[in-house]
2 protein chains.
Amino acid sequence: MVTAYDREFLTGTVGVLILSLLTERAMYAYEMLQEAERRSAGAFHLKEGTLYPALHHMERAGLLKAAWRESDAGRPRKYYSLTAKGRRQAESKRRQWKSILSAMRAILGDAGA
Amino acid sequence: MVTAYDREFLTGTVGVLILSLLTERAMYAYEMLQEAERRSAGAFHLKEGTLYPALHHMERAGLLKAAWRESDAGRPRKYYSLTAKGRRQAESKRRQWKSILSAMRAILGDAGA
DNA sequence: GTATGATACCTTGCCTAACAAGGTATGGTG
DNA sequence: CACCATACCTTGTTAGGCAAGGTATCATAC
């Protein structure tokens with residue numbers, strides 16, 4: 001379900017997306033890929049080449065912390081969770097996202113509703 | 001009112017923004033800058049270095065056409081309007097934008113509402 | 001027994017959009 | 001005369017998203 005428009009619209013949203021998912025619970029990267037796809041009914045298809053570097057970057061920035069856990073089958077999984085700084089960032093980003101949303105609505109008229 | 005977050009969130013939205021403004025009426029670039037700022041109550045501060053290249057690109061792509069008109073005072077203004085192709089594009093982009101919006105809502109939970 | 005696909009992690013290199021910072025020109029206001 | 005708002009534009013940098021590759025484990029199918 002990867003269409004050409006994904007990219008232009010997705011740009012900049014990946015950060016908020018990760019922060020929001022991790023606000024709910026700790027998750028591993030592969031799980032995030034599936035969750036994003038499932039919840040958007042296939043509209044989003046987060047790419048691995050986008051997600052992994054983003055996670056590493058956010059970990060370096062002190063927003064996330066990672067912990068390996070064994071799984072019943074297959075390779076161990078690397079679970080990410082929010083640090084205190086990450087939780088503050090999540091809150092802040094969400095507020096910003098809302099403000100951008102309403103601004104877009106104002107500019108687009110009913111088109112953005 | 002330029003804040004650091006503008007960029008990440010704005011990415012990819014400029015195209016839709018232009019198409020939507022021009023759906024209403026022909027406008028010149030400087031006017032678009034003001035309109036975007038006014039309607040969003042200062043939340044958006046479209047940059048000239050973003051807008052002008054975007055307009056030129058969209059004109060080359062056959063989405064817009066430009067026409068110079070004299071003004072009572074100052075320099076002549078370059079009015080942009082949608083071509084037939086541009087109108088189709090505007091419709092299509094708006095639909096995509098809506099689908100992305102609802103996908104984001106689904107992922108963010110009430111955070112995106 | 002081996003091929004394939006799902007799971008699960010990762011990196012390198014390219015492309016393009018957004019921006020900062022600069023430039024030109026005109027008219028009005030202090 | 002200086003300065004600001006209007007109005008157009010360009011160049012160079014940066015950073016984010018992605019395609020395409022790679023590694024390893026396990027289950028299923030043939």
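Per chain, numbering begins at 1; letters A, B, ... match sequence-line order. Just so you know, these numbers use all the heavy atoms, side chains as well, and skip hydrogens, waters and symmetry mates.
- Over its full length, the helix from dG1(C)-dC30(D) to dG30(C)-dC1(D) turns its helical axis through 10°, comparing axes from the five pairs at each end and rounding to 10°.
- Glu48(A) comes within 4.0 angstrom of a base, heavy atoms only.
- Taking atom NZ of residue Lys47(B) and atom C1' of nucleotide dT10(D), one finds them 18 Å apart after rounding to whole Å.
- Within the nucleic acid shown, Arg75(A) comes within 4.0 Å of at least one base atom, counting heavy atoms only.
- For Met32(A) and dC10(C), the CE to P distance is 11 Å, given to the nearest whole Å.
- Checked for salt-bridge contact, Glu91(B) and Arg88(B) miss the test: no charged N lies under 4.0 Å from a carboxylate O.
- For the pair Arg77(B) CZ and dT6(D) C1', the computed distance is 8 Å after rounding to whole Å.
- Atoms CG (Leu46(A)) and C1' (dT7(C)) sit 17 Å apart, rounded to a whole Å.
- Between the CG atom of Leu55(A) and the P atom of dT11(C) there is a distance of 11 Å, given to the nearest Å.
- Atom NE2 of His56(A) and atom C1' of dC18(D) are 16 Å apart (whole Å).
- A salt bridge links Arg25(A) and Glu31(A); the closest N-O separation between the charged side-chain nitrogens and carboxylate oxygens is under 4.0 Å.
- For Ser40(B), the side chain to side chain contact (heavy atoms under 4.5 Å, CB included) partners are Ala103(A), Ile107(A), Ala43(B), Phe44(B), not counting sequence neighbours.
- Legend: residues meeting salt bridge (charged side-chain N to carboxylate O under 4.0 Å, His left out) with Arg75(A), ordered by chain and number and at least two apart, are absent.
- Considering only side-chain atoms of Val14(A), the nucleotide from dT7(C), dA20(C), dG17(D) that sits closest is dG17(D).
- Distance from the side chain of Tyr52(B) is smallest for dC9(D) among the nucleotides dC10(C), dC9(D), dT23(D).
- In this model, the phosphate group of dA7(D) is approached by a side-chain N or O of Tyr28(B) to a distance below 4.0 Å at OP1 or OP2.
- Residue Ala54(B) is classed as having no contact, given no heavy-atom separation below 4.0 Å to the nucleic acid.
- Here dA24(D) presents its P atom at 17 Å from NZ of Lys78(A), a figure rounded to the nearest Å.
- Between dT6(D) and Gln34(B), a contact under 4.0 Å exists linking OP1 or OP2 to a side-chain N or O.
- Note on Tyr52(A) and Tyr28(A): separate hydrophobic clusters, where clusters join Ile, Leu, Val, Met, Phe, Trp and Tyr whose side-chain heavy atoms are under 4.5 Å apart, directly or indirectly.
- Residue contacts for Glu31(B): at a heavy-atom cut-off of 4.0 Å it reaches no nucleic acid atom on any strand shown.
- As rounded to whole Å, 13 Å separates atom P of dT7(C) from atom CD of Glu35(A).
- The environment of His57(A) atom NE2 is sparse: at most 12 non-hydrogen atoms of other residues, nucleotides or ligands sit within 6.0 angstrom.
- Note on Arg39(B) versus Glu24(B): salt bridge recorded, some NZ/NE/NH1/NH2 to OD/OE distance being below 4.0 Å.
- Among the heavy atoms of the strands, none lies under 4.0 Å from His57(A).
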